[in-house]
J.: 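Dumping the structure here so I can ask a few things about it.
Treat the numbers as computed from the prediction; the structure is a model and nothing was measured.
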Amino acid sequence: MAEILLFHHAQGLTPGLRAFADELRAAGHTVHAPDLFDGRTFGSIDEGMAYIQQAGFDELRERGVRIADGLPQGLVYAGFSFGVLPAQKLAQTRPGARGALLFYSCIPISGDWAFGPWPQGVPVQIHGMDADPVFVGEGDVDAAREIVATVPDAELFLYPGDQHYFADSSLPSYDAAATALLTRRVLAFLDRV
């Protein structure tokens with residue numbers, strides 16, 4: 001069974017993300033789901049991003065990275081949208097990563113925003129909707145395709161639709177069918193890493 005460090009999106013650690021973590025736990029995995037916002041949740045992505053800007057984008061990302069200091073190596077790092085920032089940074093820079101699960105976002109592995117090259121032997125799954133204006137429209141899908149083209153054990157899964165937070169059951173953007181498929185793929189990934 002895998003041990004996972006899972007980071008929430010810009011609306012906070014919502015009931016839907018808690019439910020997702022609980023589903024992974026029910027499958028036998030250990031899931032750490034820290035609250036980077038100290039209990040705050042937001043009604044929209046814009047409200048959450050305003051809080052992130054106020055609190056400090058880099059500070060919140062690094063808060064997530066520091067959480068790993070108290071945990072063993074050998075983790076799978078998972079992040080939803082904003083949570084991809086600490087998850088991907090840890091997967092790429094902290095020794096011993098067993099894998100990465102990146103939902104709705106992806107950081108390039110080359111260029112100015114990169115944390116560096118993808119580490120050898122670390123598998124990754126990237127999930128997003130094919131018409132999501134953030135994932136597709138802001139270039140995250142291109143970063144995902146770069147990883148898939150250069151990393152031997154990398155998969156990109158695109159789901160039909162235009163929602164960003166489609167796997168959060170507590171939000172109006174939730175897509176039950178896409179989430180069921182995403183969850184099956186995630187559980188298969190966790191069973192093999």
J.: Just checking, is any N or O donor in the side chain of Y77 or R94 under 3.5 Å from an acceptor N or O on the other one?
T.: yes

J.: Taking side-chain hydrogen bond (donor to acceptor under 3.5 Å, both in side chains) as the definition, give me every residue that meets it alongside H29, ordered by chain and number, with sequence neighbours left out.
T.: none

J.: What pair of heavy atoms forms the shortest contact from T179 to A167, and how long is it?
T.: OG1-CA, 3.1 Å

J.: Taking all atoms of both residues into account, what is the closest heavy-atom pair of P108 and A143, and its distance?
T.: N-CB, 3.5 Å

J.: Quick one: CG on D38 to OH on Y51, what's the gap to the nearest 0.5 Å?
T.: 5.5 Å

J.: Determine, for R145 against D140, whether the closest basic-nitrogen to carboxylate-oxygen distance falls under 4.0 angstrom.
T.: no

J.: Rounded to the nearest 0.5 Å, how far apart are OG1 of T41 and NE2 of H8?
T.: 10.0 Å

J.: Any chance you could lay out the side-chain contact (heavy atoms from CB on, under 4.5 Å) test for L101 and L190, step after step, and finish with the verdict?
T.: CA-CA 9 Å; L101 294 164; L190 293 173; 4.1 Å; yes

J.: Strictly below 4.0 Å, N to O, side chains only: are R98 and E3 in salt-bridge contact?
T.: no

J.: For Q120, look at atom CD and say whether over 12 heavy atoms of other residues, nucleotides or ligands are found less than 6.0 Å away.
T.: no

J.: To the nearest 0.5 Å, how far apart are CD1 in I4 and CG in L75?
T.: 9.0 Å

J.: Do the non-hydrogen side-chain atoms of I45 and Q11 ever get within less than 4.5 Å of each other?
T.: yes

J.: Please identify each residue that fulfils ring pair (Phe, Tyr, Trp, His ring centres under 6.0 Å) with F115, with sequence neighbours left out.
T.: none

J.: Quick one: does Y165's side chain have a donor or acceptor within less than 3.5 Å of a partner on S170's backbone?
T.: no

J.: A side-chain contact here means heavy atoms from C-beta on lying under 4.5 Å apart; do Q88 and L102 qualify?
T.: yes

J.: Determine the minimum heavy-atom distance between G99 and V122, stating which atoms define it.
T.: CA-CG1, 3.9 Å

J.: Write down the atom of A100, the atom of A91, and the distance for their closest heavy-atom approach.
T.: CB-CB, 3.7 Å

J.: Using distance alone, with no hydrogens and no angle criterion, decide if S173 and H164 have a side-chain donor and acceptor under 3.5 Å apart.
T.: no

J.: Is D130 reaching over with its side chain to a backbone N or O of G161, donor-acceptor style, under 3.5 angstrom?
T.: yes

J.: Just by modelled atom types, is the R185 backbone N or O under 3.5 Å from a matching donor or acceptor in the Q125 side chain?
T.: yes

J.: List the atom of F37, the atom of H9, and the distance in Å for their closest heavy-atom pair.
T.: CE1-O, 3.9 Å

J.: Linking I/L/V/M/F/W/Y whenever their side-chain heavy atoms sit closer than 4.5 Å, directly or via other members, would V134 and F82 fall into one cluster?
T.: no

J.: Does the pair E59/R66 count as a salt bridge with the N-to-O cut at 4.0 Å?
T.: yes

J.: Is the distance from the ring center of F166 to that of Y174 below 6.0 Å?
T.: no

J.: Tell me, please, which residues at least two apart from Q73 pass side-chain hydrogen bond (donor to acceptor under 3.5 Å, both in side chains).
T.: none

J.: Between atom CD1 of I107 and atom CZ of R61, what is the distance when rounded to the nearest 0.5 Å?
T.: 9.0 Å

J.: Take S110 and E146, measure what side chain to side chain donor-acceptor pair (under 3.5 Å) needs, and give me the verdict at the end.
T.: CA-CA 9 Å; S110 63; E146 177 189 15; 2.5 Å; yes

J.: Holding to ring pair (Phe, Tyr, Trp, His ring centres under 6.0 Å), I want the full list of residues that pass it with F189, two or more places apart in sequence or in another chain.
T.: none

J.: Are F7 and L171 in one and the same hydrophobic cluster, where Ile, Leu, Val, Met, Phe, Trp and Tyr link if side-chain heavy atoms are under 4.5 Å apart?
T.: yes

J.: Say you draw a straight line from CG of D162 to CE of M129; how long is it, rounded to the nearest 0.5 Å?
T.: 7.5 Å

J.: Taking only residues at least two apart or on different chains, which pairs with a member in residues 16-35 satisfy salt bridge (Lys or Arg N to Asp or Glu O under 4.0 Å)?
T.: D22-R25

J.: Report yes if some heavy atom in the side chain of D153 is under 4.5 Å from a heavy atom in the side chain of V124; otherwise report no.
T.: no

J.: Could you tell me which residues satisfy ring pair (Phe, Tyr, Trp, His ring centres under 6.0 Å) with F103, sequence neighbours excluded, listed by chain and number?
T.: F20, F80, H127

J.: For L17 and G12, which heavy atoms make the closest approach, and how far apart are they?
T.: CD1-O, 3.8 Å

J.: Got a second to check how far L187's CG is from L182's CG, nearest 0.5 Å?
T.: 9.5 Å

J.: Okay, side chain of E62, backbone of D58: is any donor-acceptor separation there less than 3.5 Å?
T.: no

